[in-house]
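Here is the structure we will look at.
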Amino acid sequence: MARIDESVDAVERVGAHTTGTGDVDDTDDTPEILVDGVSKRYESDRQSVQALSDVQFAVETGEFVCIVGPSGCGKTTLLRAIAGLEAPTEGAVVINGEAVGGPDTDRGMVFQEYGLFPWLTVQENVCFGLERQGMAREACDNRCYEMLDLVGLDGFADAYPKELSGGMKQRVAVARALAVDPDILLMDEPFGSVDAQTRERLHAELLDIWQETGKTTLFVTHEISEAVLLGDRVLVMSAEPGRVKELIDVDLPRPRSRTDESFVEYTDWIRSLIGDETTDRF
């Protein structure tokens with residue numbers, strides 16, 4: 001309970017925006033997401049490992065923020081903390097002024113591994129969260145069809161995951177996350193397991209969905225060019241322990257081209273920030 005009380009104090013104390021170094025500036029507006037001094041330490045009989053240390057930044061409503069950093073810098077740990085799947089050791093995550101105490105329907109999560117139930121059809125997978133909320137069957141089905149149309153899978157409601165390609169499975173995962181109408185979409189390297197051509201199509205479709213729905217989106221990736229292609233801002237993390245190294249505004253018009261000189265400059269800048277940092281943990 002102390003952590004929740006501290007997080008509420010943090011909202012009143014700091015307000016909203018972050019600077020390029022991850023520091024929080026005073027404003028009158030409460031950010032949709034406030035990560036306030038989050039640290040995460042894993043303890044075992046053999047060792048104590050610090051995965052995250054004093055991570056602090058804010059995200060405004062409707063933003064698309066990408067998170068990059070060297071392997072093992074705690075990107076997934078951070079996203080899971082925002083989702084409420086991991087409890088910070090210190091600090092807090094605050095959503096619209098309320099401390100995160102666990103998972104909630106205001107946050108939808110898309111995992112790299114799809115996370116689909118193989119024994120359920122596409123429709124049943126998409127409706128899973130809606131049914132747990134007690135939505136009536138007809139309304140659930142209508143919502144499912146709406147989401148499948150949004151992600152380009154109209155006509156695949158009766159298919160099983162084994163009958164779908166990797167890209168199609170990831171579209172189902174996105175549809176399932178969006179079906180419960182979350183305010184925030186959290187994506188953990190969702191396109192890491194698909195081929196390059198499919199990934200490009202999914203990038204375009206994701207941006208279309210984001211622009212149509214206005215969902216605040218946090219997107220973890222290890223691909224720097226992917227982050228520059230998608231993000232309004234890119235949060236660059238350093239490793240051992242994971243910290244915010246820089247928070248970069250991507251001032252490029254959409255749609256973006258990887259061959260544009262300015263695009264290349266952003267990717268080179270972020271690559272130089274990450275440097276040779278690497279670790280195999282987290």
Side-chain angles (χ1 to χ4, degrees), residues 4 30-33 59-64 79-87 93-191 193-194 201-202 204-220:
I4 294 178
T30 300
E32 182 162 25
I33 304 171
V59 179
E60 300 300 331
T61 301
E63 274 196 289
F64 198 127
L79 202 69
R80 288 175 62 85
I82 296 170
L85 299 173
E86 295 261 6
V93 176
V94 184
I95 305 294
N96 290 318
E98 298 291 332
V100 169
D104 204 321
T105 55
D106 63 352
R107 282 151 282 143
M109 186 89 172
V110 179
F111 301 92
Q112 183 177 357
E113 302 84 5
Y114 314 129
L116 303 180
F117 300 115
W119 59 88
L120 299 181
T121 65
V122 166
Q123 180 175 349
E124 290 167 339
N125 268 284
V126 174
C127 286
F128 183 80
L130 298 173
E131 290 174 345
R132 295 193 67 180
Q133 292 179 4
M135 180 177 286
R137 184 67 192 184
E138 183 177 357
C140 180
D141 289 345
N142 290 338
R143 180 65 175 170
C144 171
Y145 298 141
E146 179 185 350
M147 291 300 98
L148 291 180
D149 181 62
L150 182 66
V151 300
L153 285 178
D154 187 28
F156 288 89
D158 295 330
Y160 285 89
K162 67 180 181 180
E163 300 172 315
L164 306 177
S165 68
M168 294 169 75
K169 290 177 185 176
Q170 200 56 279
R171 290 187 182 96
V172 176
V174 172
R176 184 174 61 183
L178 291 173
V180 296
D181 197 23
D183 298 323
I184 298 166
L185 187 61
L186 306 172
M187 310 187 77
D188 186 13
E189 298 195 38
F191 307 146
S193 60
V194 300
R201 290 200 301 270
L202 290 171
E205 291 169 4
L206 175 59
L207 287 173
D208 286 344
I209 291 169
W210 169 67
Q211 290 170 337
E212 183 172 340
T213 64
K215 303 292 184 189
T216 304
T217 304
L218 270 68
F219 187 103
V220 166

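Model, not experiment: these values are computed from the prediction.
The closest donor-acceptor contact from the side chain of R176 to the backbone of G115 lies under 3.5 Å. Judged by distance alone, the side chain of D106 and the main-chain N or O of D183 form no donor-acceptor pair under 3.5 Å.
Using a 30° and 60° split on the angle between ring planes, F64 and F219 fall in the tilted class, from 30° to 60°.
Taking the salt bridge (charged side-chain N to carboxylate O under 4.0 Å, His left out) definition, one finds that E32 meets it with nothing, sequence neighbours left out. For K215, the salt bridge (charged side-chain N to carboxylate O under 4.0 Å, His left out) partners at least two apart in sequence or on another chain are D181. The ring-ring contact (aromatic ring centres under 6.0 Å, His included) search around Y160 returns none, not counting sequence neighbours.
Residue pairs meeting the side-chain hydrogen bond (donor to acceptor under 3.5 Å, both in side chains) criterion with at least one member in residues 161-172, sequence neighbours excluded: R171-E205.
In this structure the side chain of L85 reaches within 4.5 angstrom of the side chain of P103, judged on heavy atoms. Looking only at side-chain heavy atoms (C-beta outward), P190 and V174 stay at 4.5 Å or farther from each other. When side chains are defined from C-beta on, L218 does not count as touching L185, because their heavy atoms never get closer than 4.5 Å.
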Would V100 and V94 count as a side-chain contact (heavy atoms from CB on, under 4.5 Å) here? Give the steps. CA-CA 6 Å; V100 169; V94 184; over 6 Å; no
Verdict with supporting geometry, D188 and V110, side-chain contact (heavy atoms from CB on, under 4.5 Å): CA-CA 6 Å; D188 186 13; V110 179; over 6 Å; no
For residues 132-139, tabulate all N or O donor-acceptor pairs below 3.5 Å that involve a side-chain atom, not counting sequence neighbours.
{"unit_1": "R137", "atom_1": "NE", "unit_2": "D141", "atom_2": "OD1", "d": "3.4"}
{"unit_1": "R137", "atom_1": "NH1", "unit_2": "E131", "atom_2": "OE2", "d": "2.4"}

For residues 147-155, run the donor-acceptor check on the side chains, cut-off 3.5 Å, and write out each pair with its distance to 0.1 Å, sequence neighbours left out.
none

